[in-house]
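Worth knowing before you read on, the calculation uses all heavy atoms, side chains too, and leaves out hydrogens, waters and symmetry mates. Keep in mind it's a predicted model, so treat the numbers as computed, not measured.
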Amino acid sequence: MAFKLDANERVNVMEYGAKGNGTTDDTAAIKAALAVLQSGVASVLVFPKGTYKISGPLEINKASNIYVEGNGSVIKGGRHDLFRVQDSSYIEINRLTFDPAAVPGTARFLRGIKLSYVSLCQCQITNGALAYFYSAYDGDPIDYNDKTFWNQFLKLDRCKATGEYRVDNLVMCQKTNNIVITQCLFEKATGDGVKFNGGDSENLNLSYNEFRYLNGDGIDMFGSGRFLHIHDNYFHHVRGFPANLKLSGDVNNQGATSYKAWFVRNRVEQNALGLGLANGKNILIQSNTFRNNGVDPVDGTMYSHLINVEESAEDIRMIDNDFFDNHTKQAIVTLGQTGTGVTLHTLIRDNRFRNNSAPYLLYIGKSDSTANRLIDIVNNLFDGFVDRAIAVQITKGNVTIRNNQFVNGLDAIRLMTIGSGVRVFVRENIAQVTGSPLVNDTSVNPTEQFNSWNP
């Protein structure tokens, strides 16, 4: 992030009386140094190496062009925010660690309101949350008709948040525009790693982060989101529902959807669940690895599915993903959209399902009778399954199963419940299974062409 510093004067907190010895209360001294920066006389606040004890939040209000140089120093505090920043821009905080009281509480490294061009770089917090980009210090007065963004152009770079199971969400954002979260570690929260909670958020980029040992979700989009780039992250030992990426409407903002999201090249391993997509539109899930998921990493509970696509999720594309050694009670992927009066497209292409344990690898569930579902299952490998690879229950729409390979399993395809107007096309597939390549329990005959069944 580029800063336009108007003054080069450096303010050393020790020159204003801070001791940095871990026992003296340095709050007043640090606030006096901050006041100099806010006056515009200086632009750089320096914390020499040490541990600085504070007894309350440090405030930055209506300021710009402030650079905080931490030098790896530790701020020792209680159950309170470290920085409260409001109506400010071009603020950068580097190499500070916040160590709040080790008790359940609401300690946050940064709580910001109406910010722009603010970044945390190589900062850490123990026993607390890293950042809350929020609407107010107290309460939650969201105006859902207000389409402006409260916070924009924010960056978290090489930061670490360890909640030690004493805080809920490690990062919280509301009505946020243009945020980058990269190379960060989020662990040990009672809730989510990163949560976008209510209102609109857009242009969100989360890359090369690690999410681990969370009791909530890795990333939760709870409201309207647009242009979500989630790539090259590592999720493991996450217990929440659905564990890694959750796209859902907000109960206070009915009809909210996530539009244009890319979940690409992520590693999803040893989690309770995988992805939950409800009301999402134009979602790409590509080149990810899903391994050894489906069972709670703490209490051993087995869940019904790994990926659940439901409600009015539309234009969902799952391409070139690896699913192996996952274990669920019902299916690895469930397509259960129940939208009303809409056309819902889903593409499952070029994926590899290997050695997964579930009654079905891909389950197409019943839909609302007014939802027209168009589902294409093309060029996938289903290798090693205990029951059926694909099960179809659909009341309206078309299903095409083409150019797939089924090996080392019982039944390849089972048609369970199909509406009279549904068309099913089964073409150019190869099956080498111990049971039946195609089991039809319905009165509707599929169109079969050029398949190679148990050669």
Side-chain angles (χ1 to χ4, degrees), residues 1-5 43-47 58 60 63-75 81-85 88-99 107-113 115-126 128-134 149-163 167 169-174 176-189 192-196 201-212 214 218-219 227-235 245 262-267:
M1 182 179 295
F3 282 80
K4 301 174 182 178
L5 300 179
S43 56
V44 181
L45 180 67
V46 179
F47 286 84
L58 307 175
I60 299 176
S64 64
N65 293 317
I66 292 178
Y67 183 95
V68 179
E69 188 178 292
N71 298 299
S73 297
V74 176
I75 308 294
D81 302 333
L82 169 54
F83 287 102
R84 285 185 172 180
V85 184
S88 297
S89 61
Y90 293 101
I91 310 294
E92 183 169 335
I93 304 172
N94 284 265
R95 299 185 63 224
L96 271 179
T97 294
F98 183 35
D99 184 19
R108 302 174 180 90
F109 189 101
L110 170 66
R111 184 162 190 169
I113 304 171
L115 305 182
S116 61
Y117 296 97
V118 173
S119 70
L120 301 182
C121 183
Q122 298 186 70
C123 293
Q124 300 184 39
I125 185 170
T126 60
L130 181 64
Y132 267 44
F133 301 115
Y134 223 41
F149 294 103
W150 289 326
N151 301 288
Q152 56 185 337
F153 299 102
L154 311 172
K155 186 174 184 179
L156 307 177
D157 182 8
R158 289 167 288 168
C159 294
K160 178 180 178 180
T162 302
V167 296
N169 306 305
L170 298 178
V171 173
M172 174 78 81
C173 302
Q174 286 185 337
T176 305
N177 180 24
N178 289 299
I179 184 169
V180 174
I181 302 177
T182 185
Q183 300 183 74
C184 295
L185 172 64
F186 303 103
E187 65 175 2
K188 298 181 181 179
D192 305 326
V194 177
K195 184 166 187 172
F196 298 92
S201 294
E202 69 176 32
N203 296 329
L204 314 174
N205 192 314
L206 293 89
S207 61
Y208 301 99
N209 303 290
E210 183 175 356
F211 300 84
R212 67 186 187 189
L214 303 172
I219 301 170
F227 311 112
L228 286 68
H229 300 263
I230 302 169
H231 64 90
D232 297 286
N233 301 283
Y234 181 28
F235 303 85
L245 173 63
W262 294 267
F263 190 83
V264 178
R265 296 190 307 274
N266 300 284
R267 291 172 57 196

Next on the checklist: With a 3.5 Å distance limit and no angle check, can you tell me whether N266 reaches the backbone of D232 through a side-chain donor-acceptor pair?
Outcome noted: yes
Next on the checklist: With a 3.5 Å distance limit and no angle check, can you tell me whether S119 reaches the backbone of K155 through a side-chain donor-acceptor pair?
Outcome noted: no
Checklist entry - Hey, are the side chains of L96 and F98 touching, using non-hydrogen atoms and a 4.5 Å cut-off? => result no
Next on the checklist: Using the rule given for side-chain contact (heavy atoms from CB on, under 4.5 Å), can you reason through L130 versus V171, listing the C-alpha separation, both sets of side-chain angles and the distance that settles it, and then say yes or no?
Outcome noted: CA-CA 6 Å; L130 181 64; V171 173; 4.2 Å; yes
Next on the checklist: Taking S207's backbone N and O only, do any of them form a donor-acceptor pair with T182's side chain (distance below 3.5 Å, no angle check)?
Outcome noted: yes
Checklist entry - Does the side chain of Y208 reach to within under 4.5 Å of the side chain of H231, using non-hydrogen atoms? => result yes
Item to check | Validation row: F235, L214 side chains within 4.5 angstrom (heavy atoms) | outcome: no
Next on the checklist: When you compare the side chain of N205 with that of F227, does any pair of heavy atoms fall below 4.5 Å?
Outcome noted: no
Item to check | Residue pair E187 / T162: nearest heavy atoms and the distance that separates them | outcome: OE2-OG1, 3.0 Å
Checklist entry - When you measure from the side chain of N209 to the backbone N and O of I181, does any donor-acceptor pair fall under 3.5 Å? => result yes
Checklist entry - Which atoms form the tightest heavy-atom contact between L204 and S201, and what is the distance? => result CD1-CB, 4.0 Å
Next on the checklist: Checking the side chain of N71 only, and the main-chain atoms of F47 only, is there a donor and an acceptor separated by less than 3.5 Å?
Outcome noted: yes
Item to check | Criterion side-chain contact (heavy atoms from CB on, under 4.5 Å) on Y67 and S43, from CA distance to verdict | outcome: CA-CA 6 Å; Y67 183 95; S43 56; 6.0 Å; no
Checklist entry - Hey, does the side chain of S73 reach the backbone of G70 with a donor-acceptor pair shorter than 3.5 angstrom? => result yes
Checklist entry - What are the two closest heavy atoms between Q174 and N151, and how far apart are they? => result O-ND2, 3.8 Å
Checklist outcome for this item: Looking only at heavy atoms, the pair that brings L156 and C184 closest together is O-SG, 3.5 Å
Next on the checklist: Would you say that I75 contacts T97 through its side chain, given a criterion of any heavy-atom pair below 4.5 Å between the two side chains?
Outcome noted: no
Item to check | Euclidean distance, R84 CZ relative to I113 CD1, rounded to 0.5 Å | outcome: 8.0 Å
Item to check | Straight-line distance of S116 OG to N177 CG, nearest 0.5 Å | outcome: 11.0 Å
Item to check | Closest contact, heavy atoms only, L120 versus C159 | outcome: O-SG, 3.4 Å
Checklist entry - Shortest non-hydrogen contact from I91 to S64? => result CD1-CA, 4.3 Å
Next on the checklist: Are V194 and F186 packed together at the side-chain level, in the sense that at least one heavy-atom pair is separated by less than 4.5 angstrom?
Outcome noted: yes
Checklist entry - Are R111 and Y132 in a cation-pi setup, meaning NZ or CZ lies under 6.0 angstrom from the ring centre and within 45 degrees of the ring axis? => result no
Checklist entry - How far does OG of S88 sit from CD1 of I66, to the nearest 0.5 angstrom? => result 6.5 Å
Checklist entry - Measuring from R158:CZ to Q124:CD, what's the distance to the nearest 0.5 Å? => result 12.0 Å
Next on the checklist: Would I230 and I219 count as a side-chain contact (heavy atoms from CB on, under 4.5 Å) here? Give the steps.
Outcome noted: CA-CA 9 Å; I230 302 169; I219 301 170; 3.7 Å; yes
Item to check | Side chain to side chain, C173 and I179, heavy atoms closer than 4.5 Å | outcome: yes
Checklist entry - Taking side chain as C-beta onward, heavy atoms only, is N233 less than 4.5 Å from F211? => result yes
Next on the checklist: As an exercise, state the distance from OH of Y234 to CZ of R267, rounded to the nearest 0.5 Å.
Outcome noted: 4.5 Å
Checklist entry - Which is it for T126 and D99 under the side chain to side chain donor-acceptor pair (under 3.5 Å) test, yes or no, and what are the steps along the way? => result CA-CA 5 Å; T126 60; D99 184 19; 2.9 Å; yes
Checklist entry - Going from CZ on F83 to CG on L110, what distance comes out if it is rounded to the nearest 0.5 angstrom? => result 8.5 Å
